[in-house]
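Let me begin by presenting the structure, written as structure tokens, before commenting on it.
In each ligand, atom 1 is the first atom listed, and ligand 1 is the first ligand listed. Everything numeric in this text was worked out from a predicted model, so none of it was measured.
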Amino acid sequence: MEKKFLYEGKAKIVYATENPDEVVVYYKDAATAFDGKKKGEIENKGYLNAQISAYIFKYLEKQGIKTHFLELVGEREQRVKRLSIIPVEVVVRNIAAGSLSKRLGLPEGTDLPFPVVELYYKNDELGDPMINHYHVQALNLATPEEIKYMEDTALKVNSLLKEFFDSLNILLVDFKLEFGRFKKEILLGDEISPDTCRFWDKDTREKLDKDRFRRDLGGVTEAYAEILKRIKEKAE
Ligand code: C5P
């Protein structure tokens, strides 16, 4: 397959293909945190996240969620539909952690009474500030219908993935989704992986996600590999 470099992000490289409606996404080992202020490498992360993300997209598609995912190509690449990304990140939280704990003073690990949805403006220069529906309209980032679809879909994804990961003895603490426009549709895009979700072991509450990198806890690759191992065991 002929590939032409399109652009490089913090964790992925995107290539154009012969089909103008499709791109190939290469998952890198590079890792960043705190708006790119912390930089590093997580050995084998590209492979692990490409595989984990592919499993999750396939699972969601089977459950009726429309995603950009088409197929895994080799170990670290995915062929996906070419989206025009909507610059609004949708975060869903089941348990307080990270920026929510900091902002609201809720101790990490506090169960939330219902899933909490948050919106962030995807803008590196501004450090992805949190926004609300008014800001989305004022900045003309998406229509009210689009935002409603994104929030409803994010809550559906939360129900599906909470149950799925529960069956792997993993708590889905929170996660971030990105959506994009494709022809007349809105599709779930980007990736769903330990880079974009918080996963805790249900028995030990051990962190199995990027917080191990953010907080220098060690065992980062091992944690990502554990997620892939449990998914694969379930798929077999
Ligand atoms: O940092 P915060 O607690 O707001 O993150 C909430 C969730 O969203 C976490 O699972 C985190 O990994 C994810 N996230 C992300 N990309 C960002 C911000 C947060 O994947 N730019």
Side-chain angles (χ1 to χ4, degrees), residues 8-12 25 27-28 30-40 42 45-46 48-50 52-53 56-57 60 67-68 85-112 114-132 135-136 141 150-151 153-155 157-162 164-166 168 170-180 188-201 205-217 220 223-224 226-227:
E8 181 160 3
K10 287 182 287 221
K12 297 189 279 297
V25 179
Y27 283 67
K28 303 194 288 185
T32 61
F34 311 120
D35 301 324
K37 286 194 260 314
K38 181 181 173 112
K39 287 193 177 74
I42 300 172
K45 174 170 85 85
L48 293 164
N49 276 357
I52 292 167
S53 200
I56 296 177
F57 278 131
L60 291 176
T67 82
H68 71 159
I85 286 286
I86 296 168
V88 177
E89 299 185 344
V90 184
V91 168
V92 181
R93 304 178 185 269
N94 298 303
I95 300 174
S99 73
L100 179 83
S101 291
K102 228 179 178 176
R103 194 179 322 111
L104 302 184
L106 275 178
E108 194 159 88
T110 309
D111 278 327
L112 298 169
F114 49 82
V116 169
V117 179
E118 297 171 349
L119 304 177
Y120 291 85
Y121 180 24
K122 185 176 157 69
N123 184 313
D124 279 341
E125 272 163 47
L126 300 176
D128 297 343
M130 195 193 219
I131 52 175
N132 64 26
H135 301 120
V136 172
L141 303 178
M150 288 159 64
E151 289 180 337
T153 305
L155 286 169
V157 167
N158 183 50
S159 299
L160 291 166
L161 292 188
K162 222 167 68 173
F164 175 74
F165 280 100
D166 184 73
L168 309 181
I170 292 167
L171 290 170
L172 177 63
V173 174
D174 57 31
F175 59 93
K176 182 263 306 180
L177 298 179
E178 293 186 26
F179 295 83
L188 182 55
D190 193 44
E191 68 177 290
I192 303 177
S193 73
D195 268 14
T196 65
C197 305
R198 284 195 175 93
F199 296 125
W200 294 352
D201 180 87
R205 296 216 152 195
E206 186 191 0
K207 296 183 197 314
L208 299 172
D209 57 59
K210 198 174 171 187
D211 272 347
R212 302 204 73 85
F213 168 77
R214 294 187 188 102
R215 303 178 192 188
D216 295 320
L217 300 176
V220 190
Y224 284 49
E226 178 65 22
I227 296 290

For Phe34, does the CZ atom sit with more than 12 other heavy atoms under 6.0 Å from it, leaving out its own atoms? yes
List in chain and number order the residues that pass ring pair (Phe, Tyr, Trp, His ring centres under 6.0 Å) with Phe179, two or more places apart in sequence or in another chain; answer none if no residue qualifies.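 Residues passing ring pair (Phe, Tyr, Trp, His ring centres under 6.0 Å) with Phe179: none at all.
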Partner set under side chain to side chain donor-acceptor pair (under 3.5 Å) for Lys45, not counting sequence neighbours: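 Testing Lys45 for side chain to side chain donor-acceptor pair (under 3.5 Å), a comparison that skips the adjacent residues, returns Asp195.
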I'd like the residue list for ligand 1, meaning every protein residue with a non-hydrogen atom under 4.0 Å from the ligand. Glu89, Val91, Arg93, Ala97, Gly98, Ser99, Tyr120, Asp128, Asp174, Phe175, Lys176, Asp195, Thr196, Cys197, Arg198, Arg214
Regarding Lys210 and Glu191, does a basic nitrogen lie under 4.0 Å from an acidic carboxylate oxygen? no
For the student: nearest non-hydrogen atoms of Lys207 and Ala223, plus distance: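 That would be O-CB, 4.2 Å.
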Taking only residues two or more places apart in sequence, or in another chain, which ones meet Arg198 in a salt bridge (charged side-chain N to carboxylate O under 4.0 Å, His left out)?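 Per chain and number, Arg198 pairs via salt bridge (charged side-chain N to carboxylate O under 4.0 Å, His left out) with Asp174, Asp211.
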